[in-house]
Amino acid sequence: VKLWSNSPVSAKTFWHYTKHDSNTWIFNFMQPNFEFKHFNKITQPMLVVVPENDFARGVSAEVEIKFLKEKTVSKNFTAKIVANTVHNFGGKEVELVQQIISWLASKN
């Protein structure tokens, strides 16, 4: 089976994606009542960069960021939206990298 970005996965991995209690179900914005069992334990400074138009997310970038801000315990949470891009940041890779580099430089 091939998933997003034409990446091959095994049947076991594909099955794991569909289980709400799996490790791969950590960013489910369509079921906000599910605990983000790993994300909400990260206390380190955090940067989240999301694409503006992500079909896989199920909600807008703004809603995703609001939700993550509510779930995080990190005292240093930064969120950015890369405009006019999709799930895999295709065509906006340079902008994505610039966001990350800028954030890392601000932590020095």
Side-chain angles (χ1 to χ4, degrees):
V1 173
K2 291 189 176 186
L3 292 181
W4 309 280
S5 300
N6 211 25
S7 302
V9 297
S10 68
K12 183 178 178 181
T13 298
F14 184 75
W15 170 247
H16 203 60
Y17 274 117
T18 66
K19 294 171 45 182
H20 73 80
D21 61 343
S22 76
N23 288 334
T24 58
W25 196 272
I26 59 173
F27 295 113
N28 181 4
F29 302 101
M30 299 177 80
Q31 297 291 336
N33 56 316
F34 289 157
E35 179 186 2
F36 280 29
K37 64 184 178 181
H38 301 294
F39 178 84
N40 62 7
K41 294 177 185 169
I42 301 169
T43 59
Q44 298 298 311
M46 185 184 316
L47 169 66
V48 173
V49 183
V50 298
E52 182 178 34
N53 305 307
D54 188 349
F55 65 89
R57 180 176 45 229
V59 297
S60 70
E62 294 80 11
V63 169
E64 176 182 5
I65 290 170
K66 180 180 181 288
F67 186 79
L68 292 173
K69 283 181 179 178
E70 291 170 359
K71 292 284 186 179
T72 188
V73 294
S74 174
K75 303 248 187 280
N76 189 336
F77 178 88
T78 303
K80 301 287 183 178
I81 298 171
V82 176
N84 302 313
T85 192
V86 294
H87 185 74
N88 67 356
F89 294 92
K92 295 286 189 160
E93 296 87 353
V94 171
E95 188 173 338
L96 171 62
V97 169
Q98 288 172 340
Q99 292 281 0
I100 295 167
I101 290 171
S102 176
W103 183 81
L104 288 171
S106 75
K107 300 299 162 204
N108 289 331

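The first residue of the sequence shown is numbered 1, and numbering continues consecutively from there.
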Could you report the tightest heavy-atom contact between [X] and [Y], atom names first, then the distance?
X: Val82; Y: Leu96; answer: CG2-CA, 4.4 Å
X: Val73; Y: Ile42; answer: CG2-O, 3.4 Å
X: Gln44; Y: Ser74; answer: O-OG, 2.8 Å
X: Val59; Y: Glu64; answer: CG2-N, 4.0 Å
X: Pro51; Y: Ala61; answer: O-CB, 3.9 Å
X: Val48; Y: Leu68; answer: CG1-CD1, 3.7 Å

To the nearest 0.5 Å, tell me how far [X] [atom1] sits from [Y] [atom2].
X: Lys69; Y: Met46; atom1: NZ; atom2: CE; value: 12.5 Å
X: Ser106; Y: Ile101; atom1: OG; atom2: CD1; value: 12.5 Å
X: Lys80; Y: Glu95; atom1: NZ; atom2: CD; value: 11.0 Å
X: Glu93; Y: Asn88; atom1: CD; atom2: CG; value: 7.0 Å

(message) Within a 6.0 Å radius of atom NZ on Lys12, are there more than 12 heavy atoms belonging to other residues, nucleotides or ligands?
(response)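 12 or below, so no.
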(request) Please answer whether the main-chain N or O of Leu47 pairs with a side-chain N or O of Thr78 as donor and acceptor at a distance below 3.5 Å. (result) no
(message) Using a 3.5 Å distance criterion without hydrogens, assess whether the side chain of Glu52 forms a donor-acceptor pair with backbone atoms of Thr85.
(response) no
(message) The test is side chain to side chain contact (heavy atoms under 4.5 Å, CB included); show your working for Phe89 and Val49 and say whether it passes.
(response) CA-CA 10 Å; Phe89 294 92; Val49 183; 4.2 Å; yes
(request) Could you tell me whether Glu62 and Lys66 make a salt bridge, using a distance below 4.0 angstrom between a side-chain N and a carboxylate O? (result)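 No, no charged N to carboxylate O under 4.0 Å.
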